[in-house]
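Chain A is the first sequence line, chain B the second, and so forth, proteins listed ahead of strands; every chain is numbered from 1.
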Protein chains: 2
Amino acid sequence: MADDELNVAAASPSKSQRAYHWIKERIAGQDFTPGYRLVLRTIAEELGMSVVPVREAIRRLEAEGLVTFQRNVGAQVSMVDDTRYRASMQALSVLESAATALAAGHHTAEDLRHARQTNERMIETLSDFDPSTFTRLNQEFHAALYRRCPNARLLELVESEWARLAHLRESTFSFVPGRARQSVREHEHLLQLVEAGAPPAEIEKASRHHRSATLDAYLVHEHPDETLGLTAV
Amino acid sequence: MADDELNVAAASPSKSQRAYHWIKERIAGQDFTPGYRLVLRTIAEELGMSVVPVREAIRRLEAEGLVTFQRNVGAQVSMVDDTRYRASMQALSVLESAATALAAGHHTAEDLRHARQTNERMIETLSDFDPSTFTRLNQEFHAALYRRCPNARLLELVESEWARLAHLRESTFSFVPGRARQSVREHEHLLQLVEAGAPPAEIEKASRHHRSATLDAYLVHEHPDETLGLTAV
DNA sequence: GTATCCAATATCGTATATTATTGGGCCGAC
DNA sequence: GTCGGCCCAATAATATACGATATTGGATAC
């Protein structure tokens with residue numbers, strides 16, 4: 001996504017790209033929920049283009065895992081069962097924790113201020129229970145911490161994994177109201193580590209622990225060795 | 001890749017998929033080196049199909065990062081500068097180390113035997129200096145250790161990252177002959193940890209250390225905090 | 001000799017048309 | 001009444017065609 005903007009600047013994005021972003025938005029915005037069938041001609045007509053660019057867009061989304069293709073049948077928004085969801089969360093944990101650890105030392109004062117402010121807004125949101133806003137702020141908080149990671153590839157992977165989980169966002173926190181309160185406390189801890197200039201290893205450990213706790217909060221792990229923690233217990 | 005086979009069984013893969021695999025093979029096999037320009041019509045003619053399926057294949061490869069598209073100009077095999085190479089290696093380190101750690105306890109005796117045998121064949125190869133074979137065996141050794149990772153998503157990401165680095169394989173070890181000898185020693189150590197049923201955290205640490213040492217061997221790091229090690233120093 | 005502009009060409013981007021495949025409904029046989 | 005095969009509608013997969021855009025090489029002016 002960042003690529004596109006860099007490559008072609010503002011020079012009229014191709015139809016294929018417009019279709020890509022349009023569909024992606026729709027998936028992220030829960031208009032197209034998992035299992036929704038993406039009919040090429042329908043989408044093409046809606047966007048006022050032919051099916052070819054739409055096919056390309058869907059192919060790209062397929063490669064990113066948001067869409068599943070079935071030969072001669074069509075495309076649909078990827079179904080996500082419990083196993084896949086956990087797998088993606090674990091992958092995100094591994095990737096984002098590493099990115100956050102590597103970002104340490106590259107943050108500006110503004111970054112940290114923004115992170116803190118975001119977390120404080122999350123605390124405010126706790127009373128009027130609004131999962132949607134809370135989730136958005138949560139994503140923003142995490143992004144503030146990993147964004148300065150100097151490894152561009154890791155950043156790409158983290159963003160991609162977030163997108164993969166995007167169409168499940170709503171459900172992430174709505175199940176466990178009590179968990180939200182603990183989550184912001186963990187954010188506070190993580191933020192303090194970063195501010196204090198803690199060693200990357202420690203930051204990574206804390207980040208993984210946070211993710212692990214989040215997932216554990218509403219999923220029973222039948223295989224304890226598959227825990228998100230890895231190095232973090 | 002594994003998906004395809006599962007989905008459509010042996011039912012005549014689509015032209016688009018044939019093109020995808022064909023191009024990917026060519027890139028992995030160094031027929032198409034970084035910077036090589038992929039002309040749609042040329043490839044289409046060579047494969048006896050029209051340009052549309054080829055476009056789709058290239059789009060998919062673009063999403064995977066093997067190919068770079070430039071609007072109204074065309075596609076070329078991705079150029080990889082030093083920064084990107086290091087970034088990918090670091091991402092691979094993070095992903096594969098996690099996968100390997102999670103695979104612990106899921107290995108069969110056969111898996112470990114195969115890994116050991118592969119490493120022994122690497123030792124034999126040390127005398128007759130053959131980077132190509134050595135690299136292939138190296139990849140096989142690592143695959144044997146992470147393959148049983150129960151997290152399918154992590155596996156996908158690891159494989160994808162390997163593919164991304166595939167067209168640079170030859171260069172990976174050819175620069176530092178002396179490094180190869182140390183590499184097999186580290187393999188031995190890693191293998192012993194796995195066999196002894198060491199805790200995942202320890203395996204992950206060792207795996208990262210191995211990657212870190214490999215990269216350090218021939219790259220000068222201007223930013224020490226970007227080291228591959230993270231938790232492993 | 002070098003820089004700039006323009007035209008020719010190669011190649012892409014998209015639309016339209018054609019073919020192939022699938023899935024469901026209908027009908028007949030048992 | 002149910003099972004199995006056949007036919008048709010919907011849709012994807014591919015081919016072809018045309019318009020749009022960037023790159024090039026050469027000619028001209030300085």
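- Set against D/dA22, C/dT21, C/dT14, the side chain of B/Asn72 has D/dA22 as its closest nucleotide.
- For A/Arg41, the salt bridge (charged side-chain N to carboxylate O under 4.0 Å, His left out) partners two or more places apart in sequence, or in a different chain, are A/Glu45.
- One can place CD of B/Gln17 at 14 Å from C1' of D/dT14, the figure rounded to the nearest angstrom.
- A/Leu38 comes within 4.0 angstrom of sugar-phosphate atoms only, judged by non-hydrogen atoms across all strands, and of no base.
- The CD-C1' distance, from B/Gln76 to D/dA22, rounds to 14 Å in whole Å.
- Here A/Asp111 pairs with A/Thr108, A/Arg148 under the side chain to side chain donor-acceptor pair (under 3.5 Å) rule; sequence neighbours left out.
- One interatomic measurement links the two molecules: CG of B/Leu40 to C1' of C/dC12, which rounds to 7 Å at whole-angstrom precision.
- Look at CZ on A/Arg37: it is 12 Å from C1' on C/dG24, rounded to the nearest Å.
- Distance B/Lys15 NZ to D/dA13 P: 13 Å, rounded to the nearest Å.
- Within a 6.0 Å radius of CZ in B/Arg84, other residues, nucleotides and ligands contribute 12 heavy atoms or fewer.
- Rounded to whole Å, the distance from CZ on B/Arg71 to P on D/dT23 is 13 Å.
- Side-chain contact, A/Glu46 with A/Trp22: no donor N or O sits under 3.5 Å from an acceptor N or O.
- With rounding to whole Å, A/Phe69 atom CZ is found 5 Å from D/dA13 atom P.
- Looking at which nucleotide of DNA chain C each of B/Val39 and A/Val73 is closest to, the 5′-most match is held by B/Val39.
- Side-chain atoms of A/Arg153 never come within 3.5 Å of backbone atoms of B/Arg86 as a donor-acceptor pair (strictly under, hydrogens ignored).
- In this structure, B/Gln70 places its CD atom 15 Å from C1' of C/dA10, rounding to the nearest Å.
- Across residues 47-56 of chain B, B/Arg55 each have a non-hydrogen atom less than 4.0 Å from an atom of DNA chain C (numbered order).
- A/Ser78 and A/Thr68 form a side-chain donor-acceptor contact under 3.5 Å, judged by distance and modelled atom types alone.
- Checking A/Glu64 against A/Tyr20 by side-chain atom types alone, a donor-acceptor pair falls below 3.5 Å.
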